[in-house]
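Beneath this line is the structure, given in structure tokens, with notes to follow.
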Number of protein chains: 2
Amino acid sequence: MVSATLTKLSDLDGQAPFNGCQENFKQPEAAGKHLGRKQRLSAHDVLFYEGDKAERLYEVVRGVMMLYKLLPDGRRQVVYILREGDMLGFSNRDFFDCTAEALTEVELQVFESREISTSPMMQHYVNRCLLSQMEILHEHTVLLGRKSALERVSTFLMSLVPNRGGHGCSGPNEEGRPDTKTVALSMTRQEIADYLGLTIETVSRVISQLKRRGLIKVEKQDSIHITNICGICQLTGMH
Amino acid sequence: MVSATLTKLSDLDGQAPFNGCQENFKQPEAAGKHLGRKQRLSAHDVLFYEGDKAERLYEVVRGVMMLYKLLPDGRRQVVYILREGDMLGFSNRDFFDCTAEALTEVELQVFESREISTSPMMQHYVNRCLLSQMEILHEHTVLLGRKSALERVSTFLMSLVPNRGGHGCSGPNEEGRPDTKTVALSMTRQEIADYLGLTIETVSRVISQLKRRGLIKVEKQDSIHITNICGICQLTGMH
DNA sequence: AAATTCGATTGTTTCAGATCAAATTACTGA
DNA sequence: TCAGTAATTTGATCTGAAACAATCGAATTT
């Protein structure tokens, strides 16, 4: 539906209009104004809480964040992981439906909601962003609803391998791509468990199992060397 | 972020621009043109398959549809239920990421993707629609990742009670709202199971349990009379 | 360097939900 | 109305992941 090719909203300044926008909208002044509206977070800082008034949008410029929801008894579900170029802070109503917390040091670009809703170009960009998040959510829904613990952890690991994870997760190696890669988890076992709908112990056991099978090496607690990407890929339930 | 109040895109014809759009965009001609571009489906007709080329958007005018994804071994996860006023057919890339199937007889309004991407007003509307779907997906993610079978089925039943389900699912009855309601499931046990990440047997057992506890009465297979909405609401895990 | 702390791992037991297997009930079309 | 079929319910058993319980190990503090 949309054919623009930008990958970051903060790159938008001074750019030509998208292909998608056939009309010649005048470049909204807002577009050039948000430079310097940056914000920094340390790991585990909360950017906003579920229920807070939603007045700003954010783009992750550097680092990793998560969105999560809590049940009254303390159960937590991480619903989305945000990486460089991802946007957050959307809301349909007046308040956020999730809590946003930094997983690592984070640098954000801040936008006032008005800036977005008054700029068709930004609107269009945000749209693309929402669609991409939606597809990832659909995929994650399958993971949570239908996959085993082994499949969940394998899928998670694959999602950390550029161009192999989320979407273009093509099967066994067609071209001569390297079949090995070190990935940074940027998450504790607890955070991974809350993302994958498992317990910390199950995540740990699956990781140990993959280690024993010789598919991965745990370099540091949050850094895993995948020695056999194809092998992991076969375990995702998608091939 | 967005303040428009329309609830159906097909109502858009001849309407004044949204509050959110401060600029004076000329009313795009497209807006008046899609009248009559309707499509009808029978129950279990597939509108499009995952992987099909995405060229049209659809609005559900009447009936219920579902979006689902399949794993290669046949496991299915229903990722979204679409009701009157919902839109489907969005895609970030060129093809659909889910299969869309009618659960009941359905009447659709059809839009060419171009109609949308060239109209800021429609773009804005679609945006709102995506945000609302996103919030429901977040909530469903919590259900799949963290809720018990009893909580899942109860949450599902509550989602069928207007103004009590999804969002404004307020707790026990504050005002004198009626605490009883007959809801149409519009889905088989298998479809419910695939939506809730359970098996058909577990769904059936939970329904029997609720029946035994006197919280619901099964009128027809796909029509349930909730005799104690508050009671069900307490079982959703959200109170 | 020892002590403390926090996260991760590993072992054991338990249990919710899956699987397998009938039996029952509800629809369909002649 | 009555087969015949499909969907649902119910029962029995099994199993994967949760829960509970140490233990281990790495990082931080003193």
Side-chain angles (χ1 to χ4, degrees), chain A residues 42-44 71 73-78 103-104 143-157 184-213 216-225 235 237, chain B residues 42-44 71 73-78 103-105 142-157 184-213 216-225 235 237:
Chain A
S42 307
H44 304 295
L71 290 174
D73 64 0
R75 281 175 287 177
R76 181 173 74 164
Q77 179 64 43
V78 173
L103 286 166
T104 63
L143 179 145
L144 293 173
R146 290 298 180 218
K147 291 191 181 179
S148 70
L150 178 61
E151 288 170 333
R152 292 181 198 205
V153 173
S154 301
T155 304
F156 175 67
L157 288 176
L185 303 184
S186 321
M187 298 168 83
T188 64
R189 298 289 182 272
Q190 184 63 66
E191 287 154 353
I192 295 170
D194 286 347
Y195 183 50
L196 301 181
L198 300 170
T199 58
I200 194 175
E201 294 94 332
T202 299
V203 171
S204 182
R205 272 182 246 276
V206 172
I207 288 174
S208 298
Q209 190 195 331
L210 295 175
K211 207 161 40 174
R212 243 177 287 120
R213 292 217 229 167
I216 63 171
K217 285 207 177 75
V218 180
E219 312 213 307
K220 295 189 330 173
Q221 284 190 344
D222 68 342
S223 167
I224 287 187
H225 181 72
L235 296 175
Chain B
S42 307
H44 303 296
L71 290 173
D73 64 0
R75 280 175 288 177
R76 179 173 76 162
Q77 179 63 44
V78 173
L103 286 166
T104 63
E105 276 207 359
V142 176
L143 179 144
L144 294 173
R146 290 298 179 217
K147 290 192 182 179
S148 70
L150 179 61
E151 289 170 333
R152 292 181 199 206
V153 173
S154 301
T155 305
F156 175 68
L157 288 176
L185 303 183
S186 321
M187 298 167 82
T188 65
R189 298 290 181 271
Q190 184 63 67
E191 287 154 353
I192 295 170
D194 287 347
Y195 182 50
L196 301 182
L198 300 170
T199 59
I200 193 175
E201 293 95 333
T202 298
V203 171
S204 180
R205 272 183 246 274
V206 171
I207 288 174
S208 298
Q209 190 196 331
L210 295 175
K211 206 162 39 176
R212 243 176 290 121
R213 291 217 228 167
I216 62 171
K217 284 206 177 77
V218 179
E219 313 215 306
K220 294 189 332 178
Q221 284 187 180
D222 67 343
S223 168
I224 287 186
H225 181 73
L235 297 174

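A, B, ... follow the sequence lines: proteins, then strands. Residue 1 opens every chain.
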Can you check whether [X] has a side-chain N or O nearer than 4.0 Å to OP1 or OP2 of [N]?
| X | N | answer |
| --- | --- | --- |
| A/Thr199 | D/dA18 | yes |
| A/Ser204 | C/dT9 | yes |
| A/Arg205 | C/dT9 | no |

Integer-rounded Å distance: [N] [atom2] and [X] [atom1]:
| X | N | atom1 | atom2 | value |
| --- | --- | --- | --- | --- |
| B/Leu185 | C/dA26 | CG | C1' | 15 Å |
| A/Ile224 | C/dA8 | CD1 | P | 11 Å |
| A/Glu191 | C/dA8 | CD | P | 8 Å |
| A/Lys147 | C/dA18 | NZ | P | 18 Å |
| B/Lys220 | C/dC27 | NZ | P | 7 Å |
| B/Ile216 | D/dT9 | CD1 | P | 9 Å |
| A/Leu210 | C/dT10 | CG | P | 12 Å |
| A/Gln209 | D/dA17 | CD | C1' | 13 Å |

Task: Main-chain N/O of B/Leu144 paired with B/Arg152 side-chain donor or acceptor, under 3.5 Å - done: yes

Task: Nearest-nucleotide comparison on DNA chain D, the residue closer to the 5′ end among B/Val218 and A/Ser148 - done: B/Val218

Open item on the list: Both A/Ala149 and B/Gln221 contact DNA chain D. Taking the nearest nucleotide for each, which residue is further toward the 5' end?
Closed with: B/Gln221

TODO: Supply the atom-to-atom distance A/Lys147 NZ to A/Thr155 OG1, rounded to the nearest 0.5 angstrom.
DONE: 3.0 Å

Task: Distance (rounded to the nearest 0.5 Å) between B/Glu191 CD and B/Ile200 CD1 - done: 9.5 Å

Under 4.0 Å, counting only non-hydrogen atoms across every strand here, what does [X] touch: a base, just sugar-phosphate, or nothing?
| X | answer |
| --- | --- |
| B/Leu198 | sugar-phosphate |
| B/Thr188 | sugar-phosphate |
| B/Ser208 | sugar-phosphate |

Open item on the list: Is the shortest side-chain heavy-atom distance between B/Leu103 and B/Thr188 below 4.5 Å?
Closed with: no

Task: Closest to the A/Glu201 side chain, choosing from C/dA8, C/dC20, C/dT10 - done: C/dT10

- [ ] Could you walk me through whether A/Leu235 and A/Arg213 pass the side chain to side chain contact (heavy atoms under 4.5 Å, CB included) test, one step at a time?
- [x] CA-CA 12 Å; A/Leu235 296 175; A/Arg213 292 217 229 167; 4.1 Å; yes

